[in-house]
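Residue numbers start from 1 in every chain, and the chains themselves are labelled A, B, ... in the order their sequence lines are given, proteins ahead of strands.
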2 protein chains.
Amino acid sequence: MKKYLEILRKCPLFFGIEDESLIKMLDCLGARVESFDKKYTVFAEGTPAKYIGIVLSGSVKIIQIDYYGNRSILSSVFPSEMFAEAFACANTRSMPVSAVADEMSEIMFIDCDHILHTCQNNCGFHQQLIYNLMKDLANKTLMFHQRIEITSKRTTREKLLTYLSIQAKSAESSVFDIPYDRQELADFLEVERSGLSSEIGKLVKEGVIKNKKNQFEIL
Amino acid sequence: MKKYLEILRKCPLFFGIEDESLIKMLDCLGARVESFDKKYTVFAEGTPAKYIGIVLSGSVKIIQIDYYGNRSILSSVFPSEMFAEAFACANTRSMPVSAVADEMSEIMFIDCDHILHTCQNNCGFHQQLIYNLMKDLANKTLMFHQRIEITSKRTTREKLLTYLSIQAKSAESSVFDIPYDRQELADFLEVERSGLSSEIGKLVKEGVIKNKKNQFEIL
DNA sequence: AAAAATATGTTGATTTTTCAACAAAAGGAG
DNA sequence: CTCCTTTTGTTGAAAAATCAACATATTTTT
């Protein structure tokens, strides 16, 4: 597990925990690591939630596919970040989303029960982990509010511009990369791919933005 | 505070806490109660988050108004339920939403810092409250996923039907009331009011649903 | 390097939403 | 009960999104 220390240290679940404790803790929590090839499903919609996922390398996308086959992309998860923690904590019987590896990825799984309930060793770190989980869930809620700010806009153009300006702000630069290709961006913004493509074209022509592949610049 | 006991007992923040402890606890937490007339703002977008709100009577709506004045309704909050807890826990400097009293309402406010940090009396209940907050935030996340399931649909009809079927399921009955008038429902579903009205009309005509004011029945 | 597969851009027809304006209905105040 | 206000329904024109189909570009595989 030591080789993942660099990444795990930055995971919000382990905030305020010393390296030495962290290593021991992982053992006690029964953490295990699995690898997933590109496009492989890390967990599938409809299955019960039990484990918290932590991306160690690569990246994962959280997606939701409805009755008619329409895909929504909820988020992109990068190294040090957690996913599925809300479902694991809430003990959801059937997860409303799937997680798919975006590239070759290593994922750490931790049984949420091991975090929430004291173990036989009576480890003292559970309180800290619960506190950290609570903070993380509060931040995730903020993320959802941001997403609503984007998707509640009524036109493709407004959704796109709202998304791009949020990205620029969080990158603290007017030039930034986005983690989505065109289809994925469309599925994130809840719009049509072809309409999105042409809207990007228009904005470039109008001199509002510059774009090359996944890199955007707001002018 | 005793007169609110019935309501507070059912609040997820106080899950697993005995009545006697609860009463003492409120004192220690510096809980205070305020009344709001119908349509009054409980807290405004843009202000810093500090307090968790608990509805004691009446009800509150959480809304977001964008740059162009378009309103989104995020949720309705009823007695025993909390609101703004995610912002308070995350220490948000500027809240992305407002809360408005839907009718004459009494709201209890608790400073989130008093929950998260041990007080001078060294009360032993902080851990339980943090745990409860964590559970609550996990459940709120599930709510957001449900909302995305609804608003990601592309047509007014599909959004409405998805919303109604979720409501029916949670009411465990094909007949149920919704907490929104037409304009509010439109702002929740992120659609146009007039289009929503006519869509409801069509569904009734087609025999898919019955509707009288805020009461719906799925046939 | 060529071939195959995937991703992106473009277009026009069709569907749906939005917008604005007004009529009808319901609710509240005096 | 009547007047006034608010909510809801209805309509048609305009704007925008969706859909389908295809051309082009890019990436991956062989």
Identify whether any heavy atom of B:Arg154 sits under 4.0 Å from a base atom; if not, whether one sits that close to sugar-phosphate; answer base, sugar-phosphate or nothing. sugar-phosphate
Determine the contact category for B:Thr156: base if any of its heavy atoms lies under 4.0 Å from a base atom, sugar-phosphate if only primed atoms, P, OP1 or OP2 are that close, otherwise nothing.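 Sugar-phosphate: the residue B:Thr156, judged by heavy atoms under 4.0 Å, touches backbone atoms but no base.
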Please give, in whole Å, the distance from [N] [atom2] to [X] [atom1]?
X: A:Gln183; N: D:dT26; atom1: CD; atom2: P; value: 19 Å
X: B:Asn211; N: C:dA25; atom1: CG; atom2: P; value: 16 Å
X: B:Glu158; N: C:dT17; atom1: CD; atom2: C1'; value: 14 Å
X: A:Met104; N: D:dT28; atom1: CE; atom2: P; value: 16 Å
X: A:Lys202; N: C:dT8; atom1: NZ; atom2: P; value: 19 Å
X: B:Lys153; N: C:dT15; atom1: NZ; atom2: P; value: 22 Å
X: A:Leu185; N: C:dA7; atom1: CG; atom2: P; value: 15 Å
X: A:Glu103; N: D:dT27; atom1: CD; atom2: P; value: 16 Å

Would you indicate which nucleotide in [options] comes nearest to any side-chain atom of [X]?
X: A:Thr155; options: D:dG9, D:dA16, C:dG9; answer: D:dA16
X: B:Ser194; options: C:dT11, C:dT8, C:dA20; answer: C:dA20
X: B:Glu199; options: D:dA17, C:dT17, C:dG9; answer: C:dT17
X: B:Asp181; options: D:dT11, D:dT7, C:dT10; answer: D:dT7

For the helix from C:dA1-D:dT30 to C:dG30-D:dC1, measure the angle between the helix axis at one end and the axis at the other, each built from five pairs, rounding to 10°. 60°
Using OP1 and OP2 only, check whether a side-chain N or O of A:Arg157 sits under 4.0 Å from D:dA16. no
Examine D:dT8: is either OP1 or OP2 under 4.0 Å from a nitrogen or oxygen in the side chain of B:Ser197? Give yes or no. no
Do [X] and [Y] have a side chain donor and acceptor closer than 3.5 Å?
X: B:Ser72; Y: B:Gln64; answer: no
X: A:Thr156; Y: A:Glu192; answer: no
X: A:Gln215; Y: A:Asn211; answer: no
X: B:Ser59; Y: B:Glu103; answer: yes

Between A:Gly201 and B:Glu192, who's closer to the 5' end of DNA chain C by nearest nucleotide?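 Residue closer to the 5' terminus by nearest nucleotide: A:Gly201.
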May I ask you to check if A:Arg147 and A:Phe188 form a cation-pi contact, with NZ or CZ under 6.0 angstrom from the six-membered ring centre and within 45° of the axis?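 The answer is yes; both the distance and angle limits are met.
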Within 45 degrees of the axis of the six-membered ring of B:Phe15 and under 6.0 Å from its centre: does B:Arg9 put its NZ or CZ there?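 No, B:Arg9 does not lie over the aromatic ring of B:Phe15.
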Examine distances only and state if a side-chain atom of A:Thr141 and a backbone atom of A:Leu137 form a donor-acceptor pair shorter than 3.5 Å.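 Checked: pair present.
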Go nucleotide by nucleotide along DNA chain D from the 5' end; which of A:Lys213 and A:Arg193 gets its closest nucleotide reached first?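 Upstream on the strand: A:Arg193.
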Supply the atom-to-atom distance B:Asp102 CG to B:Glu184 CD, rounded to the nearest 0.5 angstrom.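 Going from the CG atom of B:Asp102 to the CD atom of B:Glu184 covers 5.5 Å.
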